[in-house]
Amino acid sequence: MADLKKMILEELRKSPNLQTETINEMEEYIDTGLEKTEENIIEVALNYLDEKGYRRRADNLEYAKQMILSCSEDYDTIIVKRKQVIEEDLFENASMNELRDALNLCILNNLNSIQDMVEYLIDVKYEYKVETLLRLYTEDDRPRGHLASDDFETFEELLNRYANMGYQLDRIIEPRAGVSPARYQIIFKREKMD
């Protein structure tokens, strides 16, 4: 049988609405047991640089040595300061009732988000533009030479022009058979901002 507590914990950890762990940083001082000699200080400083991923440059080494000397000031041996990161699972010792309550809270938050999206979609309003064309031109139809004109627009250029204004293509109504002149109606829509 599946471990229900483990499954609930996994679902809770997926939720962006709920904090399931805390991260604490603590500084600790560690006694290396090494005497305060120049050689030992350099060795500890180089280890520090390597551990942190810093380059072994002279300025980095000097900075690390100063930091180590500052930490070891009142001691006979070399002391180094390190940060310790402690992660704590907030639900590690939670009862099944507490886990169910937290899961219900996540479900409620998700339902509220869905309701907000549905209300938005129901209330969305559009404004429309209609272009009437005799023909849908392509780049191959563009007049060349002395016939070229600035008024010529391909169907792709028309779509891009409206897209730049925030419209999207809604639909194309093709001409009805037997109607002269044949005309295409291109309908664009964009969300109305109140």
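- Below 30°, between 30° and 60°, or above 60°: for Y167 and Y162 the angle between ring planes is above 60°, a perpendicular geometry.
- Annotation: the span from D101 atom CG to M96 atom CE amounts to 11.0 Å, rounded to 0.5 Å.
- In E139, the CD atom is crowded: over 12 heavy atoms of neighbouring residues, nucleotides or ligands sit closer than 6.0 Å.
- When hydrophobic clusters are built by joining Ile, Leu, Val, Met, Phe, Trp and Tyr residues whose side-chain heavy atoms come closer than 4.5 Å, directly or via intermediates, I173 is not grouped with L133.
- In this structure a side-chain-to-backbone donor-acceptor pair under 3.5 Å is present from D141 to T138.
- When the side chain to side chain donor-acceptor pair (under 3.5 Å) test is applied to T132, no partner is found at least two apart in sequence or on another chain.
- Taking 4.5 Å as the limit, every side-chain heavy atom of L99 sits out of range of all side-chain heavy atoms of L103.
- No donor-acceptor distance shorter than 3.5 angstrom exists from the side chain of K36 to the backbone of L69, with no hydrogens or angles considered.
- The two residues I79 and S72 make their nearest non-hydrogen contact at N-OG, 2.6 Å.
- Under a hydrophobic-cluster definition in which Ile, Leu, Val, Met, Phe, Trp and Tyr are linked whenever side-chain heavy atoms come within less than 4.5 Å, directly or via other members, I41 and V80 are assigned to the same cluster.
- In this structure, CD on E174 lies 5.5 Å from OH on Y184, to the nearest 0.5 angstrom.
- When all heavy atoms of I172 and F155 are compared, the pair lying nearest together is CD1-CZ, 3.6 Å.
- With E127 as the fixed residue, the side chain to side chain donor-acceptor pair (under 3.5 Å) test singles out one of K192, R190, K189: R190.
- Here the OH-OH distance, from Y29 to Y75, works out to 8.0 Å after rounding to the nearest 0.5 Å.
- Taking CZ of R161 as the reference point, atom CD of E153 lies at 4.0 Å (rounded to 0.5 Å).
- A search for ring pair (Phe, Tyr, Trp, His ring centres under 6.0 Å) contacts involving F152 returns Y137, not counting sequence neighbours.
- By the 6.0 Å contact criterion, CD on E35 is open, its count of non-hydrogen atoms from other residues, nucleotides or ligands being 12 or less.
- Nearest heavy-atom pair, I78 versus D31, reported as atom, atom and distance to 0.1 Å: O-OD1, 3.6 Å.
- For E10 and R13, the salt-bridge test fails: no basic side-chain N is under 4.0 Å from an acidic carboxylate O.
- A continuous path of Ile, Leu, Val, Met, Phe, Trp and Tyr side chains, each step under 4.5 Å between heavy atoms, connects L105 with L111, placing both in one hydrophobic cluster.
- I42 is connected to L49 through a chain of hydrophobic side-chain contacts under 4.5 Å among Ile, Leu, Val, Met, Phe, Trp and Tyr, so both are in one cluster.
- Scanning all heavy atoms of the two residues, the minimum distance from L134 to R183 falls at CD2-CG, 3.8 Å.
- Counting only distance, with no hydrogens or angles, the side chain of D170 and the backbone of I187 share no donor-acceptor pair below 3.5 Å.
- K81 places no side-chain N or O within donor-acceptor distance of the main-chain N or O of C71, the cut-off being under 3.5 Å.
- Between the S70 side chain and the Q66 main chain, no donor and acceptor come within less than 3.5 Å of each other.
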Give the intermediate values and the outcome of side-chain contact (heavy atoms from CB on, under 4.5 Å) for residues E157 and R142. CA-CA 12 Å; E157 290 170 336; R142 186 177 296 280; 2.6 Å; yes

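- Residues M117 and I122 share a single hydrophobic cluster, defined by chaining ILVMFWY side chains whose heavy atoms lie under 4.5 Å apart.
- Annotation: N164, atom CG; neighbour count of heavy atoms from other residues, nucleotides and ligands within 6.0 Å is above 12.
- For E119, the CD atom is densely surrounded, since the number of other residues' heavy atoms within 6.0 Å is greater than 12.
- A distance of 6.0 Å separates CG of N112 from CD of Q115, quoted to the nearest 0.5 Å.
- The backbone N or O of R56 lies less than 3.5 Å from no partner atom in the side chain of N60, so there is not a single donor-acceptor pair.
- The distance from the CG atom of L159 to the CD1 atom of I186 is 8.0 Å, given to the nearest 0.5 Å.
- Proximity of L34 to T77: side-chain heavy atoms (C-beta onward) are nowhere separated by under 4.5 Å.
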